[in-house]
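Note that these values count all heavy atoms, side chains included, but never hydrogens, waters or copies made by symmetry. Just so it is clear, the structure is predicted and the values come from calculations on it, not from any experiment. Numbered from 1 within each chain, the chains take letters A, B, ... in sequence-line order.
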There are 2 protein chains.
Amino acid sequence: MKSKKRTTIYDIAEKLNIAPSSVSRALNNSSYVKESTKKLILQTAEELNYKMNSLASNLRKGQSKTIGVIVPRINQNFFANVIAGIEDASYKQGYNLIICQSNELYEKEVQCVNTLINQNVDCIVISISVETINYQHLKNILDHHIELIQFDRVADELETLKVINDTLQASYEAVNHLINQGYKRIALLEGPQSLNIFRQRKEGYLQALKKHNIPIIDELMLENAWTKELGAQATRQLLSLPNPPDAIFASTSDFSALGVLEVATAMNIKVPSQLGICGYSNEDFTEITSPSITTIDQFSVDMGKTIANLYFEEMNNSNVSATPKTISIKPKLITRSSTQRSAE
Amino acid sequence: MKSKKRTTIYDIAEKLNIAPSSVSRALNNSSYVKESTKKLILQTAEELNYKMNSLASNLRKGQSKTIGVIVPRINQNFFANVIAGIEDASYKQGYNLIICQSNELYEKEVQCVNTLINQNVDCIVISISVETINYQHLKNILDHHIELIQFDRVADELETLKVINDTLQASYEAVNHLINQGYKRIALLEGPQSLNIFRQRKEGYLQALKKHNIPIIDELMLENAWTKELGAQATRQLLSLPNPPDAIFASTSDFSALGVLEVATAMNIKVPSQLGICGYSNEDFTEITSPSITTIDQFSVDMGKTIANLYFEEMNNSNVSATPKTISIKPKLITRSSTQRSAE
DNA sequence: CTGAAAGCGCTTACAG
DNA sequence: CTGAAAGCGCTTACAG
């Protein structure tokens, strides 16, 4: 490799005095090449340090062997894990990942979609931003005959492949657990209701209360408490009520639950005896706070693998079904000290 | 969009009865097109829901506007943050990221490199796996005239662009801090010495001890303690010595430091009065353990931005310098309760 | 089993 | 300002 130019199949063909088409066939391990020439070609390719140009190959073949992934934030545990899972499964099939982050902005999400369409990806995997309420850009993906898989935060009304958590059920079980531990006034920290996952978590909360004939109290349900700071703020508000809650379900995230715990600790309120706390996501830190925090595991890496494998299955399965498949993964309630009154 | 085929510039050209080359020029905002025709073309492109085929464009232009990133694990806080930073800065320049994870395996790392060369990426950003001691695959990147930027875990002897932390200095300061807090027997949990960053952290430790005329004791330096479990195991070993350490510097990671803390707590050893603990990386959880853990912040998101911007600068700066640039980011010691004897 | 030719969808000298 | 033509590096019918 002295020249500025990369070795191409033409260089190999020239050196061996054969047709480029034969080189291509040999490199693709076609059976329509004599074993001896194939060996010769492979050896020469090695010698010349040949690397195939996937751009050219993909352009010609009309596919890119590339999956585009759009998430709100790459560096958020749940999404990083999902991406790691997708990468792992895709890699095994010879597929590459192009990653974009929307930063929770609708405008950037639209731009990401356009970029990925330009890049000719075979499939787009997306978890929508909190701002996204218009789905034209997602429809546009379908119009370009690119497979679309939504996960976790999905647009329900759009008929696409979906991989989700049964988050309503998980939420129901979490609240049920709190009730079983003897908590009577359970508050809910909600996420933005524009996202279906947060609507479902609220619904699970409501269903559990109804099931046990516990009255639903508006002042115990606070919106938009999905960061540590907002969770802390909401907690201060809740605990200063004339009739404060004896448990708080931070349905948005463990970060929010952490905010709750910190405020409670600062106010010298005993967890779990005076206040029960349940989070969502099973972040690493929930295990090591004192007390440790009850939460819900989403099996994020598995979710990523499931997403990739769903695509590969669908690709081979050409009989297009009327309603695209939805795979629901059952999350798991992890009970820890922050809600275990009975263990005290 | 009824047909299976995507709209191309030929479709637009045909509809408008002009040459494809003019369409291309208009779409690329060339000044060599009449304003009125440009407007017409743009409008028609919109109508036909045209998306340009980047594969074709990039093939023709001989660049891909794509940066390949190889990290040991995508879902590790530090790397996820670096990637987020790279993505952010790249996106602003119209570049895309192809992400691979080596899973700490040399073989997979080599495959990742080959894939990225095939994909014609313009630049490869890599933090090598713990197994990597042969750098032929990295040299191969350079042979293909692809820009190579190493970060954090770098092969020192390879002359490439590098973005690193001044980890020796950070380590030195951490140990210095421990000494200033009155700790006399400071143990070191080392990472695999095949990686330069762990060699440097050890060197920082040694230098700090020498500076203060503290004897270096072999039994206080334990290799390969870079997970929580290994950190815990090493701690048990250290604390059962006839003459145990009064501080442990988990130079490998905060996870290791967490292992130390958990063992100490279980053994009823008071932190920081009986045992000082310092970690590395400033993981989120270090702030919320009890006591909170002293650690070192690496400014990971900024590191990612620095990496991307270094590439863009080099690209525009065609005067190739003899020795490629190395950017060193100074990490910051975050002192917390786990080492603050004076604060007690 | 092998080769000549066309084409994937663009861009870019070149000519006018 | 516009068009005709060549070419980026491959793959794949087609013919032999």
Of the listed nucleotides C/dT12, C/dG9, D/dT2, the one nearest the side chain of B/T8: C/dG9
Interatomic distance where CG belongs to B/N53 and P belongs to D/dC8 [whole Å]: 18 Å
Rounded interatomic separation in angstrom, taking CD1 from A/I9 and C1' from D/dG9: 6 Å
Euclidean distance, atom CG of residue A/L59 to atom P of D/dT12 [Å, nearest integer]: 12 Å
Touch class at under 4.0 angstrom, heavy-atom based, for A/S54 against every strand present: nothing
Proximal nucleotide (of D/dC10, C/dT2, D/dT12) relative to the A/K61 side chain: D/dT12
Base C/dA5 to side chain A/S21, donor-acceptor N/O within 3.5 Å cut-off: no
Any A/S22 side-chain nitrogen or oxygen under 4.0 Å from OP1 or OP2 of C/dT2: no
Out of D/dT2, C/dT2, D/dG9, whichever nucleotide has its closest atom nearest the side chain of A/V33: C/dT2
Nearest-nucleotide pick for B/S57, side chain only, options being D/dC10, C/dC10, C/dC1: C/dC10
Phosphate contact (C/dC1 OP1 or OP2) by A/S31 side-chain N/O below 4.0 Å: no
A/N120 CG to C/dC8 P, straight-line distance once rounded to whole Å: 14 Å
Donor on one side chain, acceptor on other, B/N114 and A/K51, under 3.5 Å: yes
Complementary nucleotide of D/dC1, counting Watson-Crick and G-U pairs under 3.5 Å: C/dG16
Sugar-phosphate only, base, or nothing, as touched by B/N58 at under 4.0 Å among non-hydrogen atoms: nothing
Integer-rounded Å distance: D/dG9 P and A/N28 CG: 17 Å
Separation of D/dC10 C1' from A/K5 NZ (nearest whole Å): 13 Å
Atom-pair distance (CD on A/E35; C1' on C/dT2), nearest Å: 15 Å
Charged N-O contact under 4.0 Å between B/K92 and B/D88: yes
side-chain N/O A/S24 vs D/dT12 OP1/OP2, d < 4.0 Å: no
Polar side chain donor-acceptor pair, A/S129 to A/E104, under 3.5 angstrom: no
A/R153 side chain near A/P72 side chain, heavy-atom distance below 4.5 Å: yes
Length of the CG-C1' vector between B/N29 and D/dC1, whole Å: 15 Å
Sugar-phosphate only, base, or nothing, as touched by B/I18 at under 4.0 Å among non-hydrogen atoms: sugar-phosphate
Charged N-O contact under 4.0 Å between A/K108 and B/E87: yes
5' priority, DNA chain D, between B/R25 and B/A56 [closest heavy atom]: B/R25
Any N/O donor-acceptor pair, B/Y10 side-chain to C/dC8 base, under 3.5 Å: no
Which nucleotide in C/dC10, D/dT2, D/dG9 has an atom nearest any side-chain atom of B/Y32: D/dT2
Side-chain donor/acceptor of A/D122 to backbone N/O of A/S64, under 3.5 Å: yes
